[in-house]
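To keep things clear, I will list the structure first and then write my remarks on it.
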Amino acid sequence: MAEVSLKHIYKVYPNGTKAVNDFNMEIKDKEFIVFVGPSGCGKSTTLRMIAGLEDISAGELKIGDLIVNDVEPKDRDIAMVFQNYALYPHMTVYENIAFGLRLRKLPKDEIHKRVTEAAEILGITEYLGKKPKEMSGGQRQRVALGRAIVREPKVMLLDEPLSNLDAKLRTQMRAEISKLHSKLQTTFVYVTHDQVEAMTMGTRIVVMKNGFVQQIDTPKNLYNYPENKFVAGFIGTPQMNFFEGTLLKSGENVVINFDNSEAEITVPYSMLYKTKPSYLDGKTKVYIGLRPEDISLASDDVKNGKAVIKVSVSHKEELGSETLIYGDINLNGDGYVESSTRIIIKDNCEREINAGDLIDVALNLDKVHIFDAETEASVLPRIPEYNYLDCEVKGGKLGFLGTELVLPEAVKCADLKGELLIPTDAITFDGNIKAEVAACENINGVNLLALMLGGKRLYAVAPSLIGDKTVNIGVDLKKITIISNGENVVSPMPEINRFDCTFEKRKTVEKVEANGKVKNKKTAIFGFNVAGAFFKSSDDASQKIFAALGIKKAFSAPLKLECGVCDLHFTDSGIAAVAEETLDYGKEKFLKCKVGENTVYVKTETEYNGNVYLLPDFEKIGVVETEREIKII
Ligand code: ADP
């Protein structure tokens, strides 16, 4: 078994560079994972942390069932292959491959068996007696791979192993490494800056930028469903076209307007069901993304296409099997320079196109991507976070999509007409609102249910795939937002409580009896001070804090202790709090309390007022260092 689990992994170098931020991933046994991104995005640092060549600033790294944060590289059961091969020049290929095994004092015949087997797999048997300098780059990299294979590691780590090779050899070695992976049935983690390498080799790919993971997905999903403009632009050559524009809802259609161009296309609103309505106001700027291969010049497509726009051609690049046509949707624009109106089209040379031509092109709207102009996040997420609905509150009842819910005390508000935000995970399956099931799909482990209610679309995250035609749903009202005249009249209750706290060392004195005498024994204990209350920290938690902050800083760093609203309980002597209000959500009640500056919520059966004491469930707490925003636990 060789799963690799990375939980809240951070790397801050001593000079303050935050190279890796909150990296979370469960790598399954036998997966081929590729880390990809531009130079300096944190790929190698992450790989080197897995290898043990770099300390982990915070977070938990597991290989198999073992937490390996503090395990020496040689004891991690991994093997690493580097870009520069790192072969010993004075040794033969055989000796190079056998070297690590000899160090580990394996029996001679076992070493011989492993070396010859590896050489066989890699096709370098005939070179075993040669020295590295007598070999080509590709052959040397095979030797480096051989040296890794013979260790029979649980995990193979490869850092840009093909960067030193020429293009042809790279393609060949790519295929060989993929073949090697399926032969060895071992987990591979591979770093590259080359998106083609990533797409052709990875079972899943991690796209990184500036130390942050952008998306983790299969090659197909990254290409079809990029979650932001960076991923959309990084995957695919030539890169996706990005046009600036706006979206305007008009009845059951949406008009897509391209800035600085006459181009305008109309799409059915159903295509944009998952989009927040505020994007459809005709003013909010978006990027409209279309890949060069999703734009067609074919006369049939142009004749029958619903989305045809004009392009003035500036130049073209003949690539043999296809032609790249460069142009501009601003008919006075310059297709040579990258701009918000420049367009690149992948064409299969059906007819002769020349510079200066004014041509009609058909956009394949099934493949359109739309991104927020500021955050660059997709506004067509595969799993939408919210349902954005019109609503009305009248006489304490909330009306939306032709249905009504009685508002409990906590969310009661005056009569209004406004907007209702229901998170997709706030739809429950224990209510009495009958909804039709339009579709149910599993997206990366999440079951997304598309429902019809009152003739409109409602999305829900379901606990399992649902095959029924109808379901009875409810709404978790502590998660909803009601907006009227631009103001939040009802806000969701936070799911996580946060307390300011510090980490402290205290001395305890114990009376111990030895040789008939009673002595005082002093011991130091570590713990959290939350608003004057001290809680002993587990050894594991203390270790994580020292590892992330260093011994000195651990006691002065501003921290936040986090715990879920259901993981905070009443006690007789804990964190002193003042109960301010009982929030009655019908099925559940919560007490809103003040602890110093912090407002926290506690699930309750009864109403309290005044002074109470609280105790977090320390098995489930989180700790965040606020200065560098690092999640330590
Ligand atoms: P990549 O492998 O994606 O090219 P790296 O993981 O090598 O990126 O580097 C990530 C960031 O960390 C970069 O900004 C780099 O300059 C910085 N960095 C890497 N190594 C060190 C180091 N030893 N000390 C300080 N900063 C470093």
Side-chain angles (χ1 to χ4, degrees), residues 4 6-25 27 32-61 63 68-70 72-73 76 78-86 141 144 148 155-165 170 173-174 177 187-202 204-217 219 222 226-235 239 547-550 553 625 627-631:
V4 181
L6 299 106
K7 282 200 186 122
H8 302 300
I9 297 281
Y10 290 82
K11 177 68 191 182
V12 187
Y13 280 107
N15 67 359
T17 305
K18 272 182 91 178
V20 178
N21 295 277
D22 207 12
F23 194 117
N24 289 288
M25 184 177 191
I27 299 176
F32 195 132
I33 297 295
V34 182
F35 297 165
V36 71
S39 177
C41 70
K43 313 177 287 288
S44 296
T45 302
T46 310
L47 194 78
R48 292 169 63 81
M49 284 194 282
I50 299 176
L53 301 175
E54 207 67 74
D55 287 340
I56 297 170
S57 305
E60 183 184 281
L61 174 69
I63 298 180
V68 294
N69 287 47
D70 300 319
E72 288 288 315
R76 289 193 184 193
I78 48 116
M80 190 147 168
V81 179
F82 299 91
Q83 176 180 346
N84 62 5
Y85 327 128
Q141 196 51 285
V155 185
M156 282 275 273
L157 305 175
L158 303 103
D159 193 355
E160 303 254 12
L162 308 184
S163 294
N164 283 355
L165 308 180
R170 255 203 327 258
M173 284 297 287
R174 234 165 35 207
I177 290 179
T187 311
F188 273 43
V189 186
Y190 187 104
V191 161
T192 178
H193 63 274
D194 179 344
Q195 58 99 10
V196 177
E197 217 164 275
M199 291 294 273
T200 49
M201 298 174 89
R204 281 193 301 159
I205 298 172
V206 181
V207 184
M208 296 182 74
K209 179 190 169 195
N210 294 341
F212 289 89
V213 171
Q214 303 293 303
Q215 189 168 347
I216 302 179
D217 224 323
L222 284 181
E227 283 171 12
N228 59 42
K229 183 172 171 253
F230 176 79
V231 175
F234 193 76
I235 303 290
Q239 83 157 28
L549 301 173
K553 192 97 196 293
E625 187 230 318
E627 216 168 61
R628 295 177 297 171
E629 278 193 54
I630 287 184
K631 191 165 172 66

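Remember, it's 1-based here, ligands and their atoms both numbered in the order they're listed. The figures that follow rest on heavy atoms only: side chains count, while hydrogens, waters and symmetry mates do not.
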Problem set entry | Main-chain N/O of Gln215 paired to Glu227 side chain as donor or acceptor, under 3.5 Å | no

For this session: Taking only heavy atoms of the protein into account, state which residues are under 4.0 angstrom from an atom of ligand 1, in chain and number order.
Result: Tyr13, Asn15, Thr17, Ala19, Pro38, Ser39, Gly40, Cys41, Gly42, Lys43, Ser44, Thr45

Run the side-chain donor-acceptor check on residues 9-16: report pairs under 3.5 Å with partners two or more places apart or on a different chain.
{"unit_1": "Tyr10", "atom_1": "OH", "unit_2": "Lys631", "atom_2": "N", "d": "3.1"}
{"unit_1": "Lys11", "atom_1": "NZ", "unit_2": "Asp55", "atom_2": "O", "d": "2.9"}
{"unit_1": "Tyr13", "atom_1": "OH", "unit_2": "Thr45", "atom_2": "OG1", "d": "3.1"}
{"unit_1": "Asn15", "atom_1": "OD1", "unit_2": "Thr17", "atom_2": "N", "d": "3.0"}
{"unit_1": "Asn15", "atom_1": "OD1", "unit_2": "Thr17", "atom_2": "OG1", "d": "2.8"}
{"unit_1": "Asn15", "atom_1": "ND2", "unit_2": "Thr17", "atom_2": "OG1", "d": "3.4"}

Exercise. For the ring pair Phe230 and Phe212, is the centre-to-centre distance below 6.0 Å?
Worked result: no

For this session: Kindly determine whether Asp217 and Arg204 satisfy side chain to side chain contact (heavy atoms under 4.5 Å, CB included), including the steps that lead there.
Result: CA-CA 5 Å; Asp217 224 323; Arg204 281 193 301 159; 5.9 Å; no

Exercise. Can you tell which of Lys209, Met208, Lys229 makes a side chain to side chain contact (heavy atoms under 4.5 Å, CB included) with Gln214?
Worked result: Lys209

Exercise. Between atom CG of Leu158 and atom CZ of Phe82, what is the distance when rounded to the nearest 0.5 Å?
Worked result: 10.0 Å

